[in-house]
Amino acid sequence: MAWNEPGNNGNDNDPWKNRGGRDQGPPDLDEVFRKFSNKFGGLFGGKSGGGGSGGIGGAGMTFILLIAAIVWALSGIYTVKEAERGIVLQFGQFDRIAEPGLRWKMTFIEQVIPIDIEAVRSLSASGFMLTEDENVVSVEFEVQYRVMDPRLYKFSVTDADHSLQQSLDSALRYVVGHSRMDQVLTTGRELVRQRTWDELNKIIEPYNLGILVTDVNFKDSRPPAEVKDAFDDAIAAQEDEERFIREAEAYAREIEPRARGQVTRMTQEAEAYRERVTLEARGEVERFEKLLPEYQAAKEVTRQRLYIDAMEEVLGRSTKVLVDVKGGNNMMYLPLDKIMGQNTSGTQITLPSKNDINELRKTLGQSRNSTVNGSNDRFSQDRFNNGR
């Protein structure tokens with residue numbers, strides 16, 4: 001039964017020791033703590049009693065210290081990740097570098113600062129800068145780096161990242177200030193990037209920041225907005241110039257082999273012409289050498305023969321036919337060139353009759369026979385006179 005149920009003598013079971021059930025005020029806290037202290041002291045071998053003061057014995061103190069030591073030892077266990085290195089500080093001073101894995105430190109004595117050495121970090125610098133030819137351009141750069149030495153990165157300077165930021169801004173302004181505007185905007189971007197990288201390494205090297213610059217990116221460069229249209233026209237003109245140059249080079253690559261082929265063909269033709277002329281000249285010389293004894297033996301006959309051969313060759317290319325009229329001094333000719341021209345222009349041609357053709361053949365035959373007979377007679381007489 002509860003101590004305060006009706007009909008129960010609850011005064012004896014009242015934890016607050018109310019007398020007669022009339023005093024319902026708060027309990028005496030000093031009395032409660034005193035009783036609790038006596039009970040707790042009795043657990044560890046101390047004296048407990050209403051009149052004596054309880055205390056913690058030697059065994060209790062040892063137990064407490066043991067528990068505290070275990071808690072302190074467990075609180076010093078920590079883990080260093082694979083990509084990190086731990087900087088261990090002992091009373092605020094650098095002591096060692098903790099490698100990856102499960103480690104232990106002395107709590108309240110040592111402090112561990114993890115530093116990621118594999119992550120690639122980045123910083124950017126931008127702003128309006130003055131070039132060598134006194135033009136203003138807007139440039140934006142980005143640098144990527146990694147931590148190489150955690151100790152130098154943490155303790156060589158107050159803030160390594162901020163120092164690198166200032167070094168990048170200084171190097172960028174120096175390089176842009178010693179470059180022309182066209183180089184920064186168009187043709188010399190790669191050169192500006194490389195020079196900025198080299199200048200940045202020179203600046204941060206004396207400070208031993210413990211970082212390694214892995215890359216420098218030239219993100220953007222543009223003229224001020226007030227003159228942007230003029231710069232766009234200039235860039236377009238440069239692009240057209242490069243396009244025309246490429247087209248000219250392509251045309252040159254196309255024409256050059258063709259010209260070389262023509263040169264080779266002309267050279268071969270010239271060599272063939274030289275060879276032909278040389279052989280013809282040699283043939284003429286040989287023919288002349290063979291003809292010379294005949295000419296010396298019969299000069300008149302040979303001279304007449306050469307004359308006839310020359311006339312045949314000349315008249316063979318002529319469009320006129322000469323006819324020697326028997327018994328007269330005049331020579332008539334047939335204008336075949338005019339006849340052919342009239343035929344081409346559509347004019348009707350009147351051909352000679354059959355009798356005229358027969359008469360012409362007889363006349364030509366008699367003239368040839370007389371010429372041949374006279375030549376033969378002269379040839380025979382020359383041979384007889386020369387004793388051949």
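No experiment lies behind these values; they were computed from the predicted model shown. Basis for what follows: all heavy atoms, side chains included, without hydrogens, waters or symmetry-related copies.
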Mark yes or no for whether [X], through its side chain, and [Y], through its backbone, hold a donor-acceptor pair below 3.5 Å.
X      : Y      : answer
Ser221 : Val139 : no
Trp104 : Ala73  : yes
Ser75  : Trp72  : yes
Ser170 : Gln166 : no
Ser179 : Gln183 : no

Quick one: [atom1] on [X] to [atom2] on [Y], what's the gap to the nearest 0.5 Å?
X      : Y      : atom1 : atom2 : answer
Leu89  : Lys105 : CG    : NZ    : 11.0 Å
Arg258 : Gln262 : CZ    : CD    : 7.5 Å
Met181 : Leu130 : CE    : CG    : 11.5 Å
Glu142 : Ser124 : CD    : OG    : 6.5 Å
Arg103 : Ile77  : CZ    : CD1   : 13.0 Å
Ser167 : Leu172 : OG    : CG    : 12.5 Å

For Arg274 and Glu271: C-alpha separation, side-chain torsions, deciding distance, then whether salt bridge (charged side-chain N to carboxylate O under 4.0 Å, His left out) applies.
CA-CA 5 Å; Arg274 181 187 63 183; Glu271 293 177 353; 5.2 Å; no

Quick check on [X]: does its [atom1] atom have over 12 non-hydrogen neighbours (other residues, nucleotides or ligands) under 6.0 Å away?
X      : atom1 : result
Arg189 : CZ    : yes
Arg260 : CZ    : no
Glu134 : CD    : no
Glu205 : CD    : no
Arg305 : CZ    : no

Are [X] and [Y] connected, step by step, through hydrophobic side chains (Ile, Leu, Val, Met, Phe, Trp, Tyr) whose heavy atoms are closer than 4.5 Å?
X      : Y      : result
Tyr153 : Val157 : yes
Leu74  : Leu102 : yes
Ile211 : Leu123 : yes
Ile113 : Phe94  : yes
Ile117 : Val80  : no

N-O pairing of [X] and [Y] below 4.0 Å:
X      : Y      : answer
Arg193 : Glu190 : yes
Arg96  : Glu110 : yes
Lys219 : Glu140 : yes

Hey, mind stepping through Arg246 and Glu249 against salt bridge (charged side-chain N to carboxylate O under 4.0 Å, His left out) and telling me if it holds?
CA-CA 5 Å; Arg246 289 194 294 268; Glu249 292 176 351; over 6 Å; no

What's the verdict on side-chain contact (heavy atoms from CB on, under 4.5 Å) for Asn208 and Asp149, showing C-alpha distance, side-chain angles and the deciding distance?
CA-CA 9 Å; Asn208 294 324; Asp149 192 332; over 6 Å; no

Given Val137 and Thr131, is the side-chain contact (heavy atoms from CB on, under 4.5 Å) satisfied, shown in steps?
CA-CA 7 Å; Val137 293; Thr131 61; 3.7 Å; yes

The single option from Glu247, Glu239, Glu241 passing salt bridge (Lys or Arg N to Asp or Glu O under 4.0 Å) against Arg243:
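Option passing the salt bridge (Lys or Arg N to Asp or Glu O under 4.0 Å) with Arg243: Glu247.
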
Could you tell me if the side chain of [Y] sits less than 4.5 Å from the side chain of [X], heavy atoms only?
X      : Y      : answer
Met129 : Val136 : no
Met106 : Gln90  : yes
Asp309 : Glu312 : yes

Given the rule in the salt bridge (charged side-chain N to carboxylate O under 4.0 Å, His left out) test, do Lys290 and Glu286 qualify, once you have shown the distances and angles that lead to the verdict?
CA-CA 6 Å; Lys290 292 180 179 180; Glu286 292 178 358; 5.6 Å; no

If the plane angle is over 60° it's perpendicular, under 30° parallel, otherwise tilted; pick one for Phe141 and Phe218.
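The arrangement is tilted - the two ring planes meet at 30° to 60°.
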
If you take all heavy atoms of [X] and [Y], which pair is closest and at what distance?
X      : Y      : answer
Ala252 : Pro257 : O-CD, 4.4 Å
Asp116 : Ala119 : OD1-N, 3.3 Å
Val213 : Val216 : CG1-CG2, 4.1 Å

When Ile, Leu, Val, Met, Phe, Trp and Tyr are grouped by side-chain heavy atoms lying under 4.5 Å apart, directly or through other members, which residues fall in the same group as Met148?
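Same cluster as Met148: Leu212.
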
side-chain contact (heavy atoms from CB on, under 4.5 Å) between Arg85 and Glu99, worked out
CA-CA 6 Å; Arg85 297 295 184 271; Glu99 297 296 329; 3.3 Å; yes

Where do Ile97 and Ile87 land on the side-chain contact (heavy atoms from CB on, under 4.5 Å) test, with the steps shown first?
CA-CA 5 Å; Ile97 297 294; Ile87 301 177; 4.1 Å; yes

Applying the side chain to side chain contact (heavy atoms under 4.5 Å, CB included) criterion to Tyr145, which one of Leu168, Asp161, Val120, Leu209 satisfies it?
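Only match with Tyr145 under side chain to side chain contact (heavy atoms under 4.5 Å, CB included): Asp161.
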
Qualifying residue, where the test is side chain to side chain contact (heavy atoms under 4.5 Å, CB included) with Leu164 and the options are Asp159, Leu200, Asp169:
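Considering Asp159, Leu200, Asp169, a side chain to side chain contact (heavy atoms under 4.5 Å, CB included) with Leu164 is found only for Leu200.
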
